[in-house]
Each structure stands twice: as C-alpha cells, then as structure tokens.
There are 2 protein chains.
Amino acid sequence: MTRDNRLFKAQVNRLLTLIEDQGEAALGSEAGLAASLEASRTTVRAVLSHLHDQGVIAWDGRDKRLLRAPEPGDFFDTDQTRSTQDLIRDRFLEWVLQGDVAPGTVLNETRLARQFDLPLAGLREFLIRFEPFGLIEKQPNRHWLLKGFTPDFAAEMFEVRRLFETRALTRLIAEPDPALTQRLTGLRADHLAVTAGGRRAALEFPALDARFHALLCDGARNRFVSDFSRTISIIVHYHYLWTKKDEADRNRHAAAEHLAIIDAILAGDAQAAQDALARHLDTAWHTLSTSVDWQARGQV
Amino acid sequence: MTRDNRLFKAQVNRLLTLIEDQGEAALGSEAGLAASLEASRTTVRAVLSHLHDQGVIAWDGRDKRLLRAPEPGDFFDTDQTRSTQDLIRDRFLEWVLQGDVAPGTVLNETRLARQFDLPLAGLREFLIRFEPFGLIEKQPNRHWLLKGFTPDFAAEMFEVRRLFETRALTRLIAEPDPALTQRLTGLRADHLAVTAGGRRAALEFPALDARFHALLCDGARNRFVSDFSRTISIIVHYHYLWTKKDEADRNRHAAAEHLAIIDAILAGDAQAAQDALARHLDTAWHTLSTSVDWQARGQV
DNA sequence: GTTCGGTTCTTTTTATATAAAGAACCATAA
DNA sequence: TTATGGTTCTTTATATAAAAAGAACCGAAC
C-alpha cells in the first residue's frame, strides 16, 4: 500500500460512535454524513461500504438501515486512526525529551522512520516543521543535528514567553473579549476543582496549564503570539514527563497562582493581574530551570 | 536524473574563481580544497575530474597543474548553482508578493513545481517551512491555501516587531557587546554614506534596513527574536518591490531615523534610543500599512 | 427544482528506485 | 609516522508510480 487510510479508519470509528449514540438516525444522506464527519463524500462512501460489508448496516442507494449494534471488534485501533503527524510528533518528542539522546546526536531520517515505524516523508515533514523550534538543525546534503534542550534554549524561550504573555494580559484587560471572558470563567471553575481536589486532581494540572497559557496568549489577538504559545506548550508538556518530584504540590501551587491571575483579569484590575502573572512566571521559570540544569548535567 | 548536481556546479565555479585569483597555488591537496570550498572530498574530486576533462588542469594523483586560464565558458550559469531552496523562495515570494495572486487562492503543489520548474519535493519543503510565517496554510489531505498579506497579518507582524525590538534595544544598551558595537559603528558609516549620497545611494537602503534591524534583534541575544527578524526582513524586502513611490525620499528619511537610534545607542542613552526607535517604528508602520491598504484594495 | 447518489477526474500522500553528496577505510608516498 | 588519494559504503535529494482522499459532474429520485 502506498498511502495508509488512517482517515478512513478514523471515520469508521466516528460513524460507529454516532450510531451508538443516535441509532439509525445517524445515517443521513451522504453529503450530510460528510459534513458531520468532516471528510469528503468519497471517504464517507468508503466507510458506508465497509460497514455494509461488516454487516453493521444495510446500504443500497438512499436506503440505509441499521442491522445490528456496533461491537468493540468493529472499531479500529486508536493507533491506526491518529494522523501521522500526531504520531510522529509524540514519538519523536518522547524520544528526545526523555533525555536518552545527547545533544549533538546526528539524526538519520531513514533510521528514525524505521525506529518509529512511520513514513519517511511524514517524518521529514515533521522535522522541517519542527526545526524553527530550535531543538534540531538541518545540515543540507548531510543530516539533521539534535541541538538539545540546553539551558540557553530554555532561557530564551522563556524570555519570549514573558514578553508575549505580559503583552497579551495588557490587551486582555484593556480590550475585554466576551468569548475569552467566557472561556476564562470556565477555566476558573476547572482550576477550583483542581485546587480543592486531592492528589489525583492535581495530576490533571498539565492540561489545565496548557489551556490557561493558550487562552492568555489568545488574548493578544495576534497569530504569532498564539503560535508561539502552541510551541511552548508542546515543550512544557513533554517537560512534565521529567520532573515528577513534588509534582502534586507544585501543581496545586501553580493552580493557585493561575487563579490569582484569572480573578484579577475578571475584576479588571490590570496592576494586580500583571503582578500575579510576574509571580507565576517566576515560579514556572524556577521549576523549569532547575529541571533543565539537572537535565544538562545528566547529559554532559 | 534523480537529483541535480547544483553543489558540484557551484563548486566548479568557486574553484575556477580561486584559480583566477591565485593561479596554480589554488590547487592544494584534495582535503585542503574540500575545506576551502566547504564541500566533501567526493565533490571536490568530481570537480577536479571535470576541470581535467575540460583541459583546464592536468590531474594525476598528487600532481595537479594548471594548463590554461579559466574562460567564461568554463563557468556554469548562476541559476544552475544556487540552492533549490533559494530559487524556490525567490520565485514563490516574487509570485505571491507581486500581488497578482488573490488571498484565498488554492495552491497546487504539482502545478507550482511545474510553474517554477523546480523539484516538487523541494517546493513542499519550502511550503512547510514557510507556513509558520502565516502567509499560507496547509489543509491536510486537501491543498495549500494562500491567506494573503492582509492588513491584519501586517499589523500583527508589526506588533511583534515592536515588542522584540524594544526589548532588544533595552538589552543592547544595558549589556553592551563589543562585537555588536563594532558592527554598529560600521553600519553607522554606511548610513552616513546613504544620507549624504544622492538618489542612487538612497536606493541601496533596503539592504541597509535589513542589516540594521537584524543587528538590533541580535542585541536581544535570543534565537527566537533573531529568527523572527529574519522572517520579517524577507517580508519587508519583498514589500519594497511594491511601493516605488517617493522611494528615495522615504529611504533618506528612514536612514536619518536609523542614525538617531544608532547614535543614542553608542552614547548609551537608553531613553533617547527608545524614543528614536518608537518614532522610527511609527514611520515604518505608516509606510507599510498605507501600502498594505492599497494592496488589499487592489485584491478585493 | 432541489437533493441525493453514482461516477469520474484531480490532488495529496507514501513507497520505491536512483543519482549526488558525504563519510570512512585503507594503502601508499612523502 | 603522517598526509594524501583511491575506493567503497552510507545517506540525502529527487523522480516516478500507485493508493487514498477530495472535487466535480450529471442523471435520477424526491
């Protein structure tokens, strides 16, 4: 096979879920299904044909009927339905950020593709897209080089974060946006749940952290700021893999700092919000830099 | 042929130039040539072999002799020696930023590659690398979309520029770097030449402008800031293609503003430098935004 | 006359093959 | 013993082919 049908498999799963939820009502027109599944009619028809062959539905032109309820065996495995780019990003970042790979390592495209068992072309695409993040560098006609998550890199990344988030906060308060305020209210509730909850709740913090900073950056209403926030959230997300020490405590503390910022924003108090943000960024930087120092020592 | 030998051709030209400059002295050991030409020995040997076949040199093992002076016909055409990425960038940006292409246009990879007469794989690489600049967007499984240089895009880009350059200037003055100061002194002299010179000198300003802002951003000593400056300089550079109106006057004025900033930096006067920078960015934004408005009107 | 589905055509994604460029090995000359 | 060059092997860059996914056309059903 020259191209894998991940989208097809993903849509099979989505349609089966729709059927589980709504029964036969899920089987509308082909165009309608294409719209709700967010794929082309061609793919939808392939899905319908597949489910027909599997005996889940009867399909003859406009006539679509449900023959039996979907069974677990009808679904494709999650690994087969995620996009290649997603899979590559996950496997690559996990591989790099776990810290087994020393800075200066030469990356061989073919070998990496084999190692991750993912298409070479997709891997190249990922590497190219990932290069501006600064972790890797392409040597034309030669190879890719892993530059590593050095203390300098972390410091520079964080400096930009501080610049962007400070600016975003200013605008968020000066020119409030109803949609953002609503998102912020929802986020506030989720934060309260984490600070009030026990150890388990505190461990859900990383996702919340990413959402908080993304929202803050969106406040700048600037695509470059939002894009950067996505970059940094990837790095920070994988960074959480390293430092499990005092994790629950640290997360509860950070959640409290987030809440202080959120409350100040909702109250429209610019000064208090900026102060709270500055405090939070100091804490976050401290957490990150101590971990990076440890990381750098481990690698040298 | 499955891969073009641009590097080989480029090195043929480089070696011929070396021979023109230094005569037979240019023909050192293979390893030495590889070092000075910045390519592998394999490529150097291919070059030597080629020049041997062309009768320019005699080559037998360690024995290398110059037979005749290089002639214009020995050189390869410049278009054949530039890297594909360079060529693609130039042709694509020229095509897009000339303004013939309306925002919302669907970009077809194959057609573009044919249109530019450049490899498809290289074009894809360029598009992927160029996407974060915000001008184009990939619709997975579908196509690329040209989003266009809209007023919003320009405004957001400029906001980040202001943020970064202000920050860079602060650091440049607070923690002076001898290397940067030296570059700044050289730049000052070049600016003086432009402001003193006539129309012709003023037209050399774009390159100077790029150098000035790149130096300023380097002052932040932050790879993200420096990278962004490269992005913006590409956009601004091609932007100069549009607005020829009052060009010489405008350039002289901008050069004078640069000089005010440079002098304030060299004097270590942070406040004056920031004020001058703010003024210059206002001017630059005014120039850019009026041109973008014109551009947007022309496209709607 | 609008919606729907059968069909065909186009475009992206991926695998494979091949030439260019790089890297390393090793014998030989200085 | 070291620098140099002949040789071989590896890896990247590109072309080509084929399958998946998208887009469009058009007649039939409502």
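Residue numbers begin at 1 in each chain, while the letters A, B, ... track the order of the sequences.
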note = The correct set of residues in residues 29-44 of chain B placing a heavy atom under 4.0 Å from DNA chain D is S29(B), E30(B), R41(B)
Protein N or O to nucleotides 26-28 of chain C N or O, pairs below 3.5 Å:
none

inquiry  = At 4.0 Å (heavy atoms only), tell me whether R6(A) reaches a base, stays on the sugar-phosphate, or touches nothing.
reply    = sugar-phosphate
key: Short side-chain N/O contact to dT11(D) OP1/OP2 from N108(A), under 4.0 Å   = yes
task = Rounded off to whole Å, could you give me the CG-to-P distance for the L118(B) and dA13(D) pair?
result = 15 Å
message = I need the single residue from L107(B), L118(B), L120(B) that forms a side-chain contact (heavy atoms from CB on, under 4.5 Å) with L112(B). Which is it?
response = L107(B)
ask   = Would you call the rings of F130(B) and F126(B) parallel, tilted or perpendicular if under 30° counts as parallel and over 60° as perpendicular?
value = parallel
ask   = Can you check whether T84(A) has a side-chain N or O nearer than 4.0 Å to OP1 or OP2 of dT14(C)?
value = yes
ask   = Taking for each residue the nucleotide of DNA chain C with the nearest heavy atom, is it V106(B) or N141(A) whose nucleotide lies nearer the 5' end?
value = V106(B)
request  = Quick one: closest heavy-atom pair of V225(B) and A220(B), and the distance?
outcome  = CG1-CB, 4.0 Å
request  = Please report the closest heavy-atom contact between R41(B) and A34(B), naming both atoms and the distance.
outcome  = N-CB, 3.9 Å
message = Quick check for you: among dA21(C), dA23(D), dG5(D), whose closest atom lies nearest to any side-chain atom of K64(B)?
response = dG5(D)
task = Determine the interplanar angle of the F228(A) and F164(A) rings, folded into 0 to 90°, and report it as parallel if under 30°, tilted if 30 to 60°, perpendicular if over 60°.
result = perpendicular
note = The nucleotide from dT14(D), dT13(C), dG6(C) with an atom nearest the side chain of W59(A) is dG6(C)
request  = Identify the heavy atoms of E24(B) and L66(B) that sit nearest to each other, and give their distance.
outcome  = OE2-N, 2.6 Å
ask   = Which of these nucleotides, dG5(C), dA13(D), dT12(D), is closest to any side-chain atom of K138(A)?
value = dA13(D)
message = For a quick check of understanding: with a heavy-atom distance under 4.0 Å over all strands, which category does L48(B) fall into, base, sugar-phosphate or nothing?
response = nothing
query = Does the base of dA19(D) carry an N or O that pairs as donor and acceptor with the side chain of R3(A) under 3.5 Å?
reply = no
query = Given dG6(D), is OP1 or OP2 found less than 4.0 Å from the side-chain N or O atoms of R45(B)?
reply = yes
task = Check the distance between dT12(C)'s P and E125(B)'s CD and give it to me in whole angstrom.
result = 17 Å
message = Once rounded to the nearest 0.5 Å, what's the spacing between atom CG of N141(A) and atom CZ of R3(B)?
response = 4.5 Å
ask   = Is there side-chain contact between F8(A) and T42(A), with at least one heavy-atom pair below 4.5 Å?
value = no
key: Of D86(A), D79(A), T84(A), the residue whose pairing with R6(A) passes side-chain contact (heavy atoms from CB on, under 4.5 Å)   = T84(A)
request  = Rounded off to whole Å, could you give me the CG-to-C1' distance for the D63(A) and dC30(D) pair?
outcome  = 14 Å
task = Look at the side chain of N5(A) and decide which nucleotide, out of dT12(C), dA13(D), dA20(D), has an atom nearest to it.
result = dA20(D)
ask   = Which nucleotide in the list dA23(D), dT11(D), dA21(C) gets nearest to the side chain of R111(A)?
value = dT11(D)
